[in-house]
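Because only heavy atoms are used, hydrogens play no part in the values below, and waters and symmetry mates are left out as well, while side chains stay in.
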There are 2 protein chains.
Amino acid sequence: MSHSKMGEHQIYQILRNAIFNAELPPGTQLVESSLAEGFGVSRTPIRAVLSRLKYESLVRIIPNRGAFVYCPTPEEAEQIFFVRQMLEPEATYLAALNASSSDLESMNFFLDKEEQYYKQNQPHLALQAIHSFHFAVIEACKNPYLIQYLQEILSLTHIILTFYDVSESNTTDSNHEHRDLYDAIYQRDATRAKQLANEHIPSIVKDIDFTKKLNHSLSIDQIITRYTPK
Amino acid sequence: MSHSKMGEHQIYQILRNAIFNAELPPGTQLVESSLAEGFGVSRTPIRAVLSRLKYESLVRIIPNRGAFVYCPTPEEAEQIFFVRQMLEPEATYLAALNASSSDLESMNFFLDKEEQYYKQNQPHLALQAIHSFHFAVIEACKNPYLIQYLQEILSLTHIILTFYDVSESNTTDSNHEHRDLYDAIYQRDATRAKQLANEHIPSIVKDIDFTKKLNHSLSIDQIITRYTPK
DNA sequence: TGTACAATCATTGTATACAATCAACCCTAG
DNA sequence: CTAGGGTTGATTGTATACAATGATTGTACA
């Protein structure tokens, strides 16, 4: 199956999203020639995209063997959440000081989305909204290096939450914690925002059930077709 | 000037070192074809190396324009040191808990080097020894994600210290602070190690003179020749 | 003289052909 | 039936040719 030609950035976005939402199951091999054919380009830009995903820890590249979708072990998950716990409270502190009105709007938007998806019993979409909310918060901290690292760590935690079962989590609590965090930022109460962020992360981790893996898997062609406009 | 063929990893190391030590002056354009000729390979592996350096913030790539050696502004320097201040004390805490005997040996080795280079009045080499010492510390924390981010941030701070003038700093104090830090880690006193690391960073920053830029610059060919074995 | 515009050139971006690598398979000898 | 070793095939790694981009220079015209 061949599609219309696509730009490198677009290809990156599609693959990133697919890994992000665990539609490409962790461990899947990404073969350059197949992707090239699917996206209607040569292997050259595909290699660039895979290389970028490697630096973001979303794929692992084994020399002369190939690229494989990142597959977090529970031990790695713990290390990832540890780093998130190190970075996010401080970034939240800065966000409370520096958030622009458009940052605040963005946070609000995704909070509403989260609530809406919970009510519609679509936890998978709610998780995406939560990710976007947290992303909006860290973007507001205005330190590009901190943003870069936290964005990466946040993506990894999102993959973990999507890949492992979190159905036991209390959705109402989750939404309330996020709203409280937003309120603290909105009121420029940086200390309180930091403390809320600090307490928030353990409440995410405790609901992960590492014994149950979920399955959202799609084929490469399904993914390409879905994201291809028209 | 053409040289014997070299592997991608080796090329990466050479370019990284050259940028790291400000031998390639910040702002220098790195032209793919020149590097390819210099290293005796095609543009393909050069592009891979430049792309990697880009993800490590050591070069900036402007699309359709080229790759340029990272050129830190004082404002960026502040943001970089801020992130270092966020990460390094905690990593030092973990290092005190987890350092292996070979980690400790490594730290000790570079402490001696630092002292030795100061005595020989070679501040530039002493800076490199300090970097290696700090690197040994963070490696001991055993969290691969934290190590990755701190390694990057540490490299950026090293570039800043090499690029701007720090000749006013008190070399004896510096060495003593490092030895104290090592002692705390050696004694597994994690809390003290963390505190020392916390106090150490401001004492680095205060000696930077952003008004004076130093010049260590070499041409690409000089760099290739110097690092080429034989 | 200064500005708009066209041609030129250096450089990056992409496609394709070929080389190198490694795993899996099969075949043979013990 | 098993262990060793060579062969094959799928995949990545590299070189090279060509296309696209955008800055620079030169030039005509106001």
Side-chain angles (χ1 to χ4, degrees), chain A residues 1-16 19 24-71 219-221 224 228, chain B residues 1-16 19 24-71 219-221 224 228:
Chain A
M1 194 204 289
S2 180
H3 294 263
S4 60
K5 188 171 169 175
M6 233 177 275
E8 182 177 314
H9 188 254
Q10 210 176 346
I11 295 171
Y12 164 76
Q13 296 277 3
I14 293 171
L15 280 182
R16 187 186 179 285
I19 297 173
L24 286 172
T28 310
Q29 179 167 12
L30 299 174
V31 176
E32 294 175 2
S33 47
S34 314
L35 293 172
E37 197 196 351
F39 287 112
V41 297
S42 78
R43 277 175 52 214
T44 309
I46 298 293
R47 280 176 74 80
V49 167
L50 291 178
S51 154
R52 174 168 179 188
L53 291 169
K54 169 184 134 180
Y55 295 120
E56 295 173 355
S57 300
L58 295 182
V59 310
R60 174 149 313 180
I61 291 181
I62 304 177
N64 285 307
R65 290 299 322 272
F68 301 84
V69 174
Y70 173 67
C71 191
S219 76
I220 303 266
D221 271 336
I224 295 171
T228 302
Chain B
M1 194 205 290
S2 177
H3 294 264
S4 60
K5 187 171 170 175
M6 234 177 274
E8 181 178 316
H9 188 254
Q10 211 177 343
I11 295 171
Y12 164 76
Q13 297 276 4
I14 293 171
L15 281 182
R16 187 187 178 286
I19 297 173
L24 286 171
T28 310
Q29 178 166 12
L30 300 173
V31 176
E32 293 174 3
S33 46
S34 315
L35 293 171
E37 197 197 352
F39 287 112
V41 298
S42 77
R43 278 175 52 213
T44 310
I46 298 292
R47 281 177 73 80
V49 167
L50 291 178
S51 154
R52 176 167 177 187
L53 292 169
K54 169 183 133 179
Y55 294 120
E56 294 173 357
S57 300
L58 296 182
V59 310
R60 175 150 311 180
I61 291 182
I62 304 177
N64 286 307
R65 291 297 322 275
F68 301 83
V69 174
Y70 173 67
C71 191
S219 75
I220 302 267
D221 271 335
I224 294 171
T228 302

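The distance between atom CD1 of Ile61(B) and atom P of dG22(D), rounded to the nearest whole Å, is 16 Å. Whole-Å rounding puts the Met6(B) CE to dT14(D) P distance at 14 Å. dT16(C) atom C1' lies 14 Å from atom CD of Glu32(A), rounded to whole Å. Atom pair Lys54(B):NZ and dT12(C):C1' shows a separation of 13 Å (rounding to whole Å applied). Between the CD atom of Glu8(A) and the C1' atom of dA19(D) there is a distance of 16 Å, given to the nearest Å. dT16(C) atom P lies 12 Å from atom CD of Glu37(A), rounded to whole Å. In this structure, the CD1 atom of Ile11(A) is 11 Å from the C1' atom of dT14(C), given to the nearest Å.
Nearest nucleotide to the Gln29(B) side chain, out of dA15(D), dT12(C), dT14(C): dT12(C). Looking at the side chain of Arg47(B), the nearest of the listed nucleotides dC18(C), dT12(C), dT11(D) is dT12(C). In this structure, the nucleotide among dA15(D), dT16(C), dA23(D) sitting nearest to the side chain of Ser42(A) is dT16(C). Listed nucleotides dA15(C), dA15(D), dT12(D) differ in distance to Pro45(A); the shortest reach to its side chain belongs to dA15(C). Nearest nucleotide to the Asn64(B) side chain, out of dT12(D), dT21(D), dC22(C): dT21(D). Listed nucleotides: dT11(D), dT14(C), dA17(C). Nearest to the side chain of Arg43(A): dA17(C).
We find the CZ-OG1 distance between Arg47(B) and Thr44(B) to be 8.5 Å, quoted to the nearest 0.5 Å. With rounding to the nearest 0.5 angstrom, the CG atom of Leu35(B) is 6.0 Å from the CG atom of Leu50(B). Note: Leu15(A) CG to Ile224(A) CD1 = 7.5 Å, rounded to the nearest 0.5 Å. Distance check, rounded to the nearest 0.5 Å: CD1 of Ile61(A) to CG of Leu30(A) gives 9.0 Å.
One finds no side-chain N or O of Thr44(B) lying less than 4.0 angstrom from the OP1 or OP2 phosphate oxygen of dT14(D).
Under a cut-off of 6.0 angstrom, the local environment of CZ in Arg16(B) is crowded, with over 12 non-hydrogen atoms contributed by other residues, nucleotides or ligands.
Across the interface with DNA chain C, nearest-nucleotide mapping of Gly7(A) and Pro63(A) shows Gly7(A) to be the residue nearer the 5′ end. Taking the nucleotide of DNA chain C with the nearest heavy atom to each of Ser34(B) and Val41(A), the more 5' of the two is matched to Ser34(B).
Within the 4.0 angstrom heavy-atom criterion, only backbone atoms of the sugar-phosphate kind lie near Leu30(B); the bases stay farther away.
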